[in-house]
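A note on names: the letters A, B, ... follow the listed sequences, proteins ahead of strands, and every chain is numbered from 1.
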There are 2 protein chains.
Amino acid sequence: METIVESSGLPADAFSAKCPTRQVLDHIAGKWTILIVDALLEGTMRYTDLRRRIEGVSQKMLTQTLRSLEADGFVTRTVHPTIPPRVEYDLTPLGHSLAEPITALRQWTETHINEIEQARSRAS
Amino acid sequence: METIVESSGLPADAFSAKCPTRQVLDHIAGKWTILIVDALLEGTMRYTDLRRRIEGVSQKMLTQTLRSLEADGFVTRTVHPTIPPRVEYDLTPLGHSLAEPITALRQWTETHINEIEQARSRAS
DNA sequence: CCGCATCCTGCGCGATACTG
DNA sequence: CAGTATCGCGCAGGATGCGG
């Protein structure tokens, strides 16, 4: 287990409040990040494609989350200056890398949803 | 790839707005869930242990998240009626199972934090 | 030591309307 | 088509204080 040292000189430690890892974790923990990254794993997608794929996401949150993912270097945004305009979103290599643990998480949830619902009904 | 069918009779699909998977995903995506589950992977922990381990968490959110994890069947809460009281938290088998993809996610973030910060400074 | 109750604030997020 | 702009609500989440 190799220790990662971040730019501040401190070891990367998500349990530490000051570590920037926490901010990233908070982003990933956002309501839509997991679904968006996961959807882009299926390939290049246009804005409207994503809206359709991810049921219930609003325009605002989709745009906002995409911009955040772009800033963190997880997705690229390509604008084709045609009429009508055409904007395509893709995962970067870093984004693909992130997609692995994220997909694992979504799949885990889908796989164990019945056990969880049983636990919930017991708790009530 | 086997299809999971949940109690409603529909296939489990996180992209569908009505699927209960979404609610669970939202819980997991909570600000503290990842850190708490991850911390409990180190073994049994008392309430105060968790507060110390997870820097910056408030009493309220720690209690609230723990109750939520309990309701979903991820952790057990054991009260020893001694003086002073002693409350211990443990992962259930289901919780241990969930911890795997969660740990992977935290470790991924710690590992790639420098790449992300570089992307951010470029974006600015 | 381990909480629960309460008050309060910010902002996550949705709804709606408008633009190149 | 792919957004921006604006408004407002609800709840996540922090601060404080009390109780067993």
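Applying the salt bridge (Lys or Arg N to Asp or Glu O under 4.0 Å) rule to B:R22 yields no partners; only residues at least two apart in sequence or on another chain are considered. Taking the side chain to side chain contact (heavy atoms under 4.5 Å, CB included) definition, one finds that A:H27 meets it with A:S68, A:D72, B:R120, sequence neighbours left out. In this structure, B:N114 has no side chain to side chain donor-acceptor pair (under 3.5 Å) partners at least two apart in sequence or on a different chain. In this structure A:E100 satisfies the side chain to side chain contact (heavy atoms under 4.5 Å, CB included) test with no other residue, sequence neighbours excluded. Residues satisfying the side chain to side chain contact (heavy atoms under 4.5 Å, CB included) criterion with A:T33, sequence neighbours excluded, are A:V37, A:T65, A:L69.
Near DNA chain D, meaning a heavy atom under 4.0 Å from it, residues 17-45 of chain B has B:K31, B:W32 in order of number. For residues 60-76 of chain A, proximity to DNA chain D is found at A:K60, A:T63, A:R67, defined as any non-hydrogen atom under 4.0 angstrom from a strand atom.
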Ignoring hydrogens and angles, write down the donor-acceptor pairs under 3.5 Å from the side chains of residues 75-83 of chain B, residues two or more places apart or on other chains.
unit_1, atom_1, unit_2, atom_2, d
B:R77, NE, B:Y89, OH, 3.3
B:H80, ND1, B:R86, O, 3.4
B:T82, OG1, B:H80, O, 3.4
B:T82, OG1, B:P84, O, 2.9

Atom pairs and distances, donor-acceptor, side-chain atoms in residues 9-19 of chain A, under 3.5 Å, two or more places apart:
unit_1, atom_1, unit_2, atom_2, d
A:D13, OD1, A:F15, N, 3.0

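The nearest whole Å value for the distance from the CD1 atom in A:I83 to the C1' atom in D:dG3 is 15 Å. The CG-P distance, from A:D49 to D:dG3, rounds to 12 Å in whole Å. Atom CD in B:E88 sits about 16 Å away from atom C1' in C:dG3, given to the nearest Å.
Distances shown here put a side-chain N or O of A:R46 below 4.0 Å from the OP1 or OP2 atom of D:dA2. Residue B:Y89 places at least one side-chain N or O under 4.0 Å from the OP1 or OP2 atom of C:dG3. In this model, the phosphate group of D:dA2 is not approached by any side-chain N or O of A:R77 to a distance below 4.0 Å at OP1 or OP2.
Under the salt bridge (charged side-chain N to carboxylate O under 4.0 Å, His left out) criterion, the residue pairs touching residues 28-38 of chain A are A:D38-A:R106, with sequence neighbours excluded. Counting only residues at least two apart or in different chains, salt bridge (charged side-chain N to carboxylate O under 4.0 Å, His left out) contacts with residues 52-69 of chain A comprise A:E42-A:R53, A:D49-A:R52, A:R67-A:E70.
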Filtered N/O pairs between nucleotides 17-20 of chain D and protein, under 3.5 Å:
none

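Across all strands, A:R51 comes closer than 4.0 Å to no nucleic acid atom at all (heavy-atom distances).
Put simply, CD1 on B:I28 and CD1 on A:I34 are 7.5 Å apart, with the number rounded to the nearest 0.5 Å.
For the pair A:V24/B:I113, a side-chain contact is recorded, criterion being any heavy-atom separation below 4.5 Å from C-beta on.
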